[in-house]
Amino acid sequence: MSQPCSNLLLFGATGDLSKRMLLPSLFGLDADGLLPDGLRIVATARSDMDTAAFRTLAAEALTQFIETERRVPATVARFLGRLAYVPLDANQPDGFAALAEAVGDTSNLAIFLSTAPSLFGPTIAGLAGAGLAGPGARLALEKPLGSDLASSRAINDAVAAAYPESRTFRIDHYLGKETVQNLLALRFGNALFEPLWNAAGIDHVQITIAETVGLEGRAGYYDGMGALRDMVQNHMLQLLALVAMEPPARFDPTSVRDEKVKVLRSLRPIDAASVDACSVRGQYGPGAIGGQPVKGYAEELGQASGIETFVALKAHVDNWRWKGVPFYLRTGKRLPERLSEIVIQFKAVPHSMFGEAPLKPNKLILSLQPDENIGLTLMAKAPGLDRDGLRLREVPLDIGINNAFADVRRRIAYERLLLDLIEGKQTLFVRRDEVEAQWTWIDAIRAGWDRAGVTAKPYAAGNWGPSAAIALTERDGVSWHD
Ligand code: BG6
């Protein structure tokens with residue numbers, strides 16, 4: 001499907017994601033002339049308001065989340081002019097007729113569902129009943145898409161009853177991040193790395209997504225999920241798949257997603273017998289972030305909880321390319337800094353001709369956040385006459401993406417994903433078989449935790465998780481890259 005759509009229907013339009021990300025992203029696209037000329041954005045949510053009131057809400061969101069110099073009045077006015085609002089209780093099938101009427105032309109319609117999972121079923125049924133699921137309609141779904149394989153299947157079945165896979169766009173916002181695609185450019189746009197990109201050249205891989213924030217008022221959702229399901233099931237496994245996949249023949253939805261799903265299906269199950277050696281759960285207690293005291297998770301939540309706010313895993317991709325190469329994953333809330341990075345640690349040189357001088361193996365470091373950076377550590381000779389033998393030192397070769405492309409505005413992930421949805425491009429959206437392979441692996445870990453009685457170990461907010469997370473890698477002679 002390559003026809004750009006003429007209508008965008010936004011569910012959950014008054015919610016936090018819409019205000020922080022979706023409306024500002026759509027505005028950014030509009031300001032740069034990237035939205036189709038006649039595109040109308042029909043917003044809907046439960047709140048009873050009219051189009052004028054919604055435009056005021058949208059204008060406030062832009063004021064809050066878009067820099068002043070980008071908020072040119074004529075551009076803002078044009079954007080607000082695209083917006084219409086129809087209140088809807090998704091549990092009331094009758095309400096969908098008014099929505100369909102507001103949409104009008106359904107021959108090229110994109111629908112974005114950013115609603116509670118409990119509303120997915122009734123919303124999809126309502127859309128289909130009102131003629132909003134015809135061949136010109138595509139549907140984007142925002143997480144959480146279930147909390148385990150069974151519930152994710154139920155959602156996928158409900159979606160599939162109205163929208164075929166070719167018109168279903170499952171969002172993982174990490175796939176919209178610039179550096180994530182830069183990983184593909186680096187791997188498949190350069191001849192340099194691919195010959196080493198395997199068990200012969202790589203010692204191990206580390207993927208870290210660290211956050212300083214805590215519960216952020218999301219207790220109802222987060223305490224039912226925990227770090228494993230909130231972050232590993234989706235974002236971290238997608239990063240792992242992109243690092244580990246075979247070179248796709250083309251940058252198209254089938255080629256890329258076929259390769260990712262093979263990796264996800266090759267993940268070695270972590271079960272009751274291996275959870276102790278391969279996983280660590282943690283929960284933050286009181287501590288300090290950036291010098292400011294913060295509460296512990298249970299205190300923030302208002303009750304004791306067994307859920308993990310930190311998880312570290314040692315994963316293996318059981319195939320020819322990755323035989324014996326550990327993938328260490330860790331993510332958590334209330335860690336010392338906001339940092340997302342992928343570290344590829346290459347093998348040491350087989351023999352050093354420099355005698356005792358220690359040689360450090362090369363590392364490729366892809367930083368996603370807070371700054372986009374690609375770094376490669378190399379051994380170089382330290383200046384000097386070296387009467388007692390050469391002295392070598394590890395030096396970084398850094399490409400700060402912000403400097404290399406200083407004249408280009410950095411876009412947030414949702415700008416790219418919304419534009420891809422509007423233009424019908426599926427490569428950066430997650431296919432059903434990927435999601436199900438991800439849940440299969442995650443469910444086994446949770447079952448293993450239950451069976452082996454693995455509980456969340458405490459860590460003080462502002463630390464890199466429980467000490468067991470350090471032991472997880474140190475046992476293999478590996479240190480986390482902090
Ligand atoms: C979301 C999780 O998917 O990703 C949040 O639900 C998390 O808990 C967020 O904070 C992190 O996204 P980013 O883009 O800020 O790294």
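We count ligands from 1, going down the list as the structure has it; atoms in each ligand are counted the same way.
Ion pairing between Asp271 and Arg451 fails under the 4.0 Å rule for side-chain N and carboxylate O. Classification of Asp433 and Arg153 as a salt-bridged pair fails, no side-chain N sitting under 4.0 Å from a carboxylate O. Between Asp148 and Arg229 there is no salt bridge, since none of the side-chain N atoms of the basic residue sits less than 4.0 Å from a carboxylate O of the acidic one.
Taking the six-membered ring where tryptophan is involved, the planes of Phe193 and Phe346 are essentially parallel, since the angle between them stays under 30° and well short of 60°.
Within the 4.0 Å heavy-atom shell around ligand 1 one finds Tyr174. In this structure, His173 counts as a contact residue of ligand 1, since one of its heavy atoms falls inside 4.0 Å of the ligand.
Aromatic pair Phe310/Tyr459: ring centres closer than 6.0 Å.
Arg138 contributes a side-chain N or O that, together with a main-chain N or O of Leu421, makes up a donor-acceptor pair within less than 3.5 Å.
For Met225, no heavy-atom contact with ligand 1 is shorter than 4.0 Å.
Residue-ligand proximity, His235 to ligand 1, at heavy-atom distances under 4.0 Å covers atoms 1 (C), 3 (O), 4 (O). Those atoms of ligand 1 that come under 4.0 Å of a heavy atom in Lys333, given as number and element, are 5 (C), 7 (C), 8 (O), 10 (O). Ligand 1 places these atoms under 4.0 Å from at least one heavy atom of Lys177: 13 (P), 14 (O), 16 (O). For ligand 1, the atoms sitting less than 4.0 Å from at least one non-hydrogen atom of Asp230 are 2 (C), 5 (C), 6 (O), 8 (O), numbered in the order shown with element in parentheses.
Looking from atom 11 (C) of ligand 1 to the surrounding protein, the closest heavy atom is Glu211 OE2, 3.6 Å. With hydrogens left out, the protein atom closest to atom 5 (C) of ligand 1 is Arg218 NH1, 3.4 Å, a heavy atom.
Contact annotation: the side chain of Asp398 never approaches that of Ile374 to less than 4.5 Å [non-hydrogen atoms, C-beta and beyond].
For ligand 1, one of its N or O atoms has an N or O atom of Lys143 under 3.5 Å away.
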